[in-house]
There are 2 protein chains.
Amino acid sequence: MSDSSPQPLSLHQRILNDIQQLILTGTWQPGHKIPVEHELMKQYNCSRMTVSKVLTQLAHARMIERRRKSGSFVSRPHSQSAVLTIPDIKTEVAALGVPYSFEVLHKARRKATAEEREMLGFERAVPVLEIECRHLAGERPFCFEQRLINLDAVPEAAKETFEETAPGAWLLQRVPWTLAEHRIRATGAEARSAKLLGIDRGAAVLTIERTTRSAQSTAITFVRLIYPGDQHELVATFSPERVGRPAQ
Amino acid sequence: MSDSSPQPLSLHQRILNDIQQLILTGTWQPGHKIPVEHELMKQYNCSRMTVSKVLTQLAHARMIERRRKSGSFVSRPHSQSAVLTIPDIKTEVAALGVPYSFEVLHKARRKATAEEREMLGFERAVPVLEIECRHLAGERPFCFEQRLINLDAVPEAAKETFEETAPGAWLLQRVPWTLAEHRIRATGAEARSAKLLGIDRGAAVLTIERTTRSAQSTAITFVRLIYPGDQHELVATFSPERVGRPAQ
DNA sequence: AAGTGGTCTAGACCACTTG
DNA sequence: AAGTGGTCTAGACCACTTG
């Protein structure tokens with residue numbers, strides 16, 4: 001529970017910590033009425049803005065529910081949810097303490113198929129760049145990447161060799177601040193994936209598919225990342241304690 | 001981009017939306033200097049508290065970085081990350097529009113093994129309740145659940161039959177506000193899972209393991225959820241647009 | 001009618017950091 | 001020394017909701 005940072009906590013941080021502690025330890029059960037703002041003002045000898053800031057943050061984090069005229073109440077915890085961060089591949093490999101490398105296996109320019117048009121929401125058969133890559137952790141195949149890039153959205157990609165920078169990282173530099181939808185599932189490796197990952201055909205692989213869109217909701221890229229199932233693990237931590245902590 | 005809610009946006013919401021829009025569309029690229037607070041005050045004819053609130057929120061969401069004396073700047077986007085919500089099983093099945101049911105296959109009280117003690121951080125061989133359940137979507141096996149409950153932390157579990165409520169939901173009612181760590185991977189189904197899920201041995205299954213701890217960091221429960229790989233999909237959306245929206 | 005939260009103002013003092 | 005952000009105050013007006 002102690003904080004390694006030397007600086008004293010601000011007043012609203014202290015109030016936030018106090019209330020969170022009471023909720024997380026179960027001292028204040030779901031449904032418990034939080035003292036009204038005026039009581040908290042007296043208790044902490046502070047202004048209303050300060051307690052309001054705290055309660056607003058807790059409400060955003062869904063730990064409390066606020067109702068006019070009635071007051072604020074500890075929420076019923078929403079079901080077992082997780083906040084999962086999927087890091088980029090280079091970061092994942094680096095975390096293993098193994099040298100990272102990648103190779104481009106295939107690169108071709110073509111028109112989007114009908115299926116792709118539907119999946120990515122293209123109005124017409126836009127030109128796309130199809131790329132296949134293999135990412136390696138040391139000598140070992142780490143991930144097989146199949147990617148489609150919308151060349152209408154990112155025409156520079158057509159001339160890029162992707163020798164220096166893998167397509168994912170390259171795109172992130174050029175088209176920042178996209179929205180993404182992920183789909184994660186387990187499948188049996190088909191022939192090509194199995195061969196490239198050095199595993200048996202039909203062996204379990206973890207498949208992550210991501211469609212990335214710009215703020216205007218144009219599909220920028222679709223990528224399928226295929227990981228050998230027994231070597232890869234997504235880890236997610238759900239901790240309500242993070243609420244309102246400054247992002248660093 | 002339009003909002004279906006009829007009420008007009010508050011001033012700070014409008015400012016937040018404006019700045020986010022500029023960042024998400026790439027009009028303000030990473031590194032771009034945000035107008036200083038006094039400029040924004042003039043621009044929106046508002047007080048410093050109001051603009052400060054907006055910039056603080058954006059900084060918490062890591063869309064901007066604030067530096068004293070220098071100003072605030074659009075962040076370099078962090079790598080392709082996702083916010084993933086894993087719903088509870090009943091909710092998942094309900095979303096399919098199929099009747100949900102579950103059955104308890106096995107229930108036994110015993111002492112934690114050395115391996116379990118290490119995994120869950122028990123100091124000694126605490127008494128645990130071992131439970132196996134099968135969750136069904138209609139007639140079809142949906143998920144096989146293997147669970148361990150720490151009876152030192154939740155002694156009432158020993159007497160519970162889990163006929164009405166599945167163990168996960170039952171625990172959530174009794175021990176709210178836990179912290180959880182998830183591990184997600186693809187594996188080949190071993191004999192028992194395969195049989196219970198009605199799939200071939202070795203077929204790909206999606207395995208989610210979760211260790212749940214109380215605020216005092218005592219392990220409450222460990223659960224392994226095994227889903228037929230081809231029938232289950234985790235979906236995660238990462239959208240910076242959600243920043244600061246009231247939680248509803 | 002009254003309690004409670006939602007939002008905003010105008011100002012203050014300070015800390016940090018660059019030059 | 002000066003610019004910028006970090007935090008806080010005291011007060012205001014209003015909206016919503018319960019009784």
Side-chain angles (χ1 to χ4, degrees), chain A residues 3 5-20 23 28 31-75 243-248, chain B residues 3 5-20 23 28 31-75 243-248:
Chain A
D3 204 320
S5 65
Q7 59 189 352
L9 290 177
S10 62
L11 178 54
H12 72 261
Q13 267 297 342
R14 279 202 295 116
I15 303 175
L16 183 71
N17 288 355
D18 286 356
I19 297 180
Q20 279 196 123
I23 296 174
W28 286 357
H32 180 97
K33 184 167 193 290
I34 311 271
V36 296
E37 294 188 343
H38 277 282
E39 289 176 58
L40 289 171
M41 285 166 69
K42 265 191 282 179
Q43 194 174 325
Y44 287 97
N45 192 28
C46 69
S47 76
R48 198 177 148 221
M49 267 302 284
T50 302
V51 301
S52 171
K53 185 177 196 168
V54 171
L55 297 180
T56 301
Q57 273 188 75
L58 286 167
H60 279 179
R62 295 176 175 231
M63 280 185 85
I64 69 172
E65 279 162 31
R66 312 195 74 186
R67 287 197 285 276
R68 282 180 199 191
K69 168 83 179 174
S70 314
S72 300
F73 301 85
V74 177
S75 302
V243 172
R245 290 282 172 78
Q248 269 319 325
Chain B
D3 204 320
S5 65
Q7 58 189 354
L9 289 177
S10 61
L11 179 52
H12 71 262
Q13 267 296 344
R14 280 202 295 113
I15 303 175
L16 184 71
N17 287 355
D18 286 356
I19 296 179
Q20 278 195 123
I23 295 174
W28 287 355
H32 181 96
K33 185 167 190 293
I34 311 270
V36 297
E37 294 186 344
H38 277 281
E39 288 177 59
L40 290 171
M41 285 165 68
K42 265 190 285 180
Q43 194 175 323
Y44 287 97
N45 192 27
C46 70
S47 74
R48 200 180 145 216
M49 269 300 286
T50 303
V51 300
S52 170
K53 186 176 195 168
V54 171
L55 297 180
T56 302
Q57 273 188 76
L58 286 167
H60 279 179
R62 295 179 174 226
M63 280 185 84
I64 69 171
E65 279 162 31
R66 312 196 74 186
R67 288 197 286 275
R68 282 180 197 189
K69 168 83 181 176
S70 314
S72 299
F73 302 85
V74 177
S75 302
V243 173
R245 289 282 173 77
Q248 272 317 327

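Order of the sequence lines fixes the chain letters, A, B, ..., with proteins taken first and strands second; residue numbering starts at 1 for each chain. Given the structure is predicted, the values throughout are model-derived calculations rather than measurements. Quick note: numbers below take in every heavy atom, side chains included, and nothing from hydrogens, waters or symmetry partners.
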Would you kindly give the [atom1]-to-[atom2] distance between [X] and [N], to the nearest whole Å?
| X | N | atom1 | atom2 | answer |
| --- | --- | --- | --- | --- |
| B:L40 | C:dC8 | CG | P | 14 Å |
| B:R67 | C:dA15 | CZ | C1' | 17 Å |
| A:M41 | D:dA10 | CE | P | 8 Å |
| B:L58 | D:dG6 | CG | P | 12 Å |
| A:H60 | C:dG6 | NE2 | C1' | 11 Å |
| A:E37 | D:dG11 | CD | C1' | 14 Å |
| B:H38 | C:dA12 | NE2 | C1' | 12 Å |
| B:E65 | D:dG6 | CD | C1' | 17 Å |

Test for a donor-acceptor pair under 3.5 Å between the base of D:dG6 and the side chain of B:R48, counting only N and O atoms.
yes
I'd like to know if B:K69 reaches the base of C:dT18 with its side chain, counting only an N/O donor and acceptor under 3.5 Å.
yes
How do A:C46 and B:I34 order along DNA chain D: which one's closest nucleotide is nearer the 5' end?
B:I34
Using the closest heavy atom to pick a nucleotide of DNA chain D for each, name whichever of B:M49 or B:K33 lands nearer the 5' end.
B:K33
Atom [atom1] of [X] and atom [atom2] of [Y]: how far apart are they, to the nearest 0.5 Å?
| X | Y | atom1 | atom2 | value |
| --- | --- | --- | --- | --- |
| B:C46 | B:R14 | SG | CZ | 9.5 Å |
| A:K33 | A:E39 | NZ | CD | 6.5 Å |
| A:E65 | A:F73 | CD | CZ | 9.5 Å |
| A:T50 | A:Q13 | OG1 | CD | 12.5 Å |

If you assign A:S70 and B:Y44 each to the DNA chain C nucleotide with the nearest heavy atom, which residue ends up on the more 5' nucleotide?
A:S70
Are any of [X]'s side-chain N or O atoms less than 4.0 Å away from OP1 or OP2 of [N]?
| X | N | answer |
| --- | --- | --- |
| B:S52 | D:dG6 | no |
| B:S47 | C:dG11 | no |
| A:S72 | C:dG5 | yes |

Within the structure provided, determine whether [X] and [Y] are in side-chain contact (heavy-atom separation under 4.5 Å).
| X | Y | result |
| --- | --- | --- |
| B:L40 | B:L55 | yes |
| A:H60 | A:T56 | yes |
| A:H12 | A:Q57 | yes |

Would you write the dot-bracket representation of DNA chain C, where each base gets (, ), [, ], | or . depending on whether it forms a Watson-Crick or G-U pair under 3.5 Å and with which partner?
||||||||||||||||||.
B:H38: ring-ring contact (aromatic ring centres under 6.0 Å, His included) partners, not counting sequence neighbours
none
Base, sugar-phosphate, or nothing for A:L11, non-hydrogen atoms under 4.0 angstrom?
sugar-phosphate
Can you tell which of D:dT7, D:dG6, D:dA10 lies closest to the side chain of B:R68?
D:dG6
